[in-house]
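Heads up: the structure comes next, in structure tokens.
Model, not experiment: these values are computed from the prediction. Scope of the values below: all heavy atoms of this structure, side chains included, with no hydrogens, waters or symmetry mates. Position 1 is the first residue of the sequence, and the numbers go up from there.
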Amino acid sequence: MNAPAAQQPATFGLGDMNARHLDALESEAIHILREVAAECANPALLFSGGKDSVVLLRLAEKAFRPGKFPFPLVHVDTGHNFAEVITFRDKRVAELGERLIVGSVEDSIRRGTVRLRNPATDSRNAAQAVTLLETIAEHKFDACIGGARRDEEKARAKERIFSFRDEFGQWDPKSQRPELWDLYNTRVHPGENMRVFPISNWTELDVWLYIAREKLELPPIYFAHERQVIPRNGLLVPLTDLTPPREGETVETQTVRFRTVGDISCTCPVSSDAATVEAIIAETAITQITERGATRMDDQTSEASMEKRKKAGYF
């Protein structure tokens with residue numbers, strides 16, 4: 001049960017109307033989490049260590065504490081994640097005392113279910129779909145809760161809160177279940193599953209306002225820091241062993257931060273001097289480019305890139 005208004009943490013930069021908006025989003029998300037726990041036999045919550053999944057953990061705490069979560073945490077690890085994020089993930093899981101299941105793309109490569117031309121350097125972002133489906137099958141999950149939001153990308157804007165996947169893990173955007181009056185159809189046959197998105201209706205700004213209100217800790221790469229980057233196609237590619245400069249490119253040292261975190265091979269920072277949550281909120285309030293549009297190389301290959309990956313099983 002939510003705390004009375006007088007006991008709610010102070011909210012940065014919100015008037016009463018906007019504070020009520022944030023309360024309404026929180027209440028909806030908690031209702032969805034409890035609906036998953038009540039209706040699904042074997043759910044899991046996807047936790048990567050990124051800001052959206054950090055918010056999901058706080059919502060799960062409010063939904064189920066002082067008891068244990070009624071589901072394990074799951075992370076599909078590409079093996080090419082930022083070290084700061086993995087360190088934070090493990091620290092947060094230990095603090096919560098919850099169970100973490102890690103599905104490894106590296107293991108999928110060894111099994112031969114994922115094949116890359118060069119496993120040491122090729123992007124493993126799309127390969128996560130295979131590992132996720134293998135993890136779901138191994139543990140017989142019938143629902144996976146994630147932090148996707150409709151404002152992130154056009155394909156995600158099409159998706160229901162309870163998003164049905166068939167026995168092959170595929171998503172059909174033209175065949176989705178209605179969700180009138182917040183009623184959710186959670187029925188699945190063996191082998192089918194749901195992807196559930198409690199913060200679908202949140203925006204990036206809502207997420208940061210909630211982080212400020214709840215005083216949530218995040219991986220340090222979300223805040224401004226100096227990093228070597230390679231300007232490329234309007235993006236700032238981080239200089240790493242996986243993303244070296246191409247012939248003719250120059251390496252620059254800039255003050256940047258990450259708006260989203262993912263596989264190193266496809267995730268870029270943005271130029272920013274926002275070193276606090278309050279500064280990020282101010283910056284986010286005036287930005288006109290979505291976080292994926294500003295930071296994800298894999299979404300620039302085609303306008304339908306995300307939708308194609310989701311149809312194949314990507315989260």
Side-chain angles (χ1 to χ4, degrees), residues 33 36-37 40-61 64 68-116 119-148 165 169 193-198 216-222 240-242 258 260-267 296 298 309-310 312-315:
L33 286 167
V36 174
C40 300
N42 188 27
L45 188 151
L46 298 184
F47 178 61
S48 65
K51 69 181 189 307
D52 299 313
S53 58
V54 166
V55 165
L56 273 186
L57 285 191
R58 174 50 57 89
L59 293 166
E61 287 184 274
F64 304 112
K68 299 283 286 184
F69 292 171
F71 36 65
L73 308 180
V74 171
H75 182 215
V76 177
D77 187 353
T78 66
H80 289 170
N81 297 101
F82 290 96
E84 301 97 320
V85 180
I86 297 299
T87 298
F88 174 82
R89 178 201 71 182
D90 293 342
K91 173 177 176 288
R92 189 73 187 101
V93 171
E95 289 170 348
L96 287 167
E98 297 291 344
R99 177 187 174 205
L100 175 67
I101 295 170
V102 178
S104 170
V105 173
E106 192 70 48
D107 289 346
S108 297
I109 293 172
R110 282 195 288 267
R111 284 192 294 268
T113 52
V114 166
R115 298 191 179 189
L116 302 172
T121 58
D122 285 357
S123 175
R124 299 181 177 185
N125 193 49
Q128 291 180 83
V130 174
T131 305
L132 175 60
L133 294 178
E134 290 175 343
T135 304
I136 290 171
E138 178 184 352
H139 296 276
K140 296 182 172 56
F141 294 131
D142 61 347
C144 286
I145 305 162
R165 298 305 201 275
N193 67 87
M194 288 285 180
R195 310 291 169 84
V196 185
F197 306 111
L216 300 180
E217 185 182 356
L218 293 173
I221 64 174
Y222 275 110
T240 70
D241 292 341
L242 297 171
F258 286 82
T260 182
V261 296
D263 193 82
I264 289 173
S265 63
C266 63
T267 306
R296 299 303 287 266
D298 53 333
R309 293 199 300 274
K310 289 177 75 66
Y314 187 78
F315 196 77

State, to 0.1 Å, how close A127 and V114 come at their nearest heavy-atom pair, and which atoms those are. CB-CG1, 3.7 Å
Between Y222 and F88, is the ring centre distance below 6.0 Å? no
Is there a side chain to side chain contact (heavy atoms under 4.5 Å, CB included) between R195 and L132? Walk through the geometry before answering. CA-CA 12 Å; R195 310 291 169 84; L132 175 60; 3.7 Å; yes
Correct closest heavy-atom pair for V102 and R89 would be CG2-NH1, 3.9 Å
Would you say C144 and I136 make side-chain contact, with heavy atoms under 4.5 Å? yes
Going by distance alone, is a donor N or O of one side chain under 3.5 Å from an acceptor N or O of the other, for T78 and Q128? no
With a 3.5 Å distance limit and no angle check, can you tell me whether T113 reaches the backbone of S108 through a side-chain donor-acceptor pair? yes
Side-chain touch R165/M194, heavy atoms, less than 4.5 angstrom: no
Indicate yes or no: does R92 engage E61 in a salt bridge with an N to O separation below 4.0 Å. yes
Quick check: closest heavy atoms across L100 and H75, and the distance to 0.1 Å? CD1-N, 4.1 Å
Check whether any side-chain heavy atom of F69 lies under 4.5 Å from a side-chain heavy atom of L45, and answer yes or no. no
Got L73 and L57 here, is their nearest side-chain heavy-atom distance under 4.5 Å? yes
CG of N125 to SG of C266: how many Å apart, nearest 0.5 Å? 3.5 Å
Hey, could you give me the CZ/CD1 distance between R124 and I264, rounded to the nearest 0.5 Å? 10.5 Å
To the nearest 0.5 Å, what is the distance between CD on E84 and CZ on F258? 8.0 Å
Assess whether side-chain hydrogen bond (donor to acceptor under 3.5 Å, both in side chains) is satisfied between S104 and D77, documenting all intermediate values. CA-CA 5 Å; S104 170; D77 187 353; over 6 Å; no
For a quick test of reading the model, state the closest non-hydrogen atom pair linking V196 to A143 and the distance between them. CG2-CB, 4.4 Å
Under the criterion side chain to side chain contact (heavy atoms under 4.5 Å, CB included), I'd like the reasoning laid out for T135 against V74: C-alpha separation, chi angles, the key distance, then a yes or no. CA-CA 9 Å; T135 304; V74 171; 4.2 Å; yes
Approximate separation, where rounding is to 0.5 Å, of L56 CG and L46 CG: 9.0 Å
Do other residues, nucleotides or ligands put more than 12 heavy atoms under 6.0 Å from the NZ atom of K68? yes
Restricting to non-hydrogen atoms, name the atom on V36 and the atom on P43 that form the minimum distance, rounded to 0.1 Å. CG1-CB, 3.6 Å
Using modelled atom types and a 3.5 Å cut-off, is there a donor and acceptor pairing between side-chain atoms of D263 and backbone atoms of S123? no
A side-chain contact here means heavy atoms from C-beta on lying under 4.5 Å apart; do L33 and L59 qualify? yes
Using a cut-off of 6.0 Å, state whether more than 12 heavy atoms not belonging to R110 lie near its atom CZ. yes
Please examine the side chains of I145 and F71, heavy atoms only from C-beta on, and report whether any two atoms are closer than 4.5 Å. yes
Pairwise side-chain contact, I221 with V85, heavy-atom cut-off 4.5 Å (strictly under): yes
Determine whether K91 and L96 make a side-chain contact, defined as any pair of heavy atoms from C-beta on separated by less than 4.5 Å. no
Scanning both residues in full, the closest heavy-atom pair of G50 with S53 reads O-OG, 3.0 Å
Got a sec, which residues hit side chain to side chain contact (heavy atoms under 4.5 Å, CB included) with P72, two or more places apart in sequence or on another chain? A44, R99, I101, F141
Apply the test salt bridge (Lys or Arg N to Asp or Glu O under 4.0 Å) to residues R58 and E95: give CA-CA distance (whole Å), side-chain angles for both, the deciding distance (0.1 Å), then the verdict. CA-CA 12 Å; R58 174 50 57 89; E95 289 170 348; over 6 Å; no
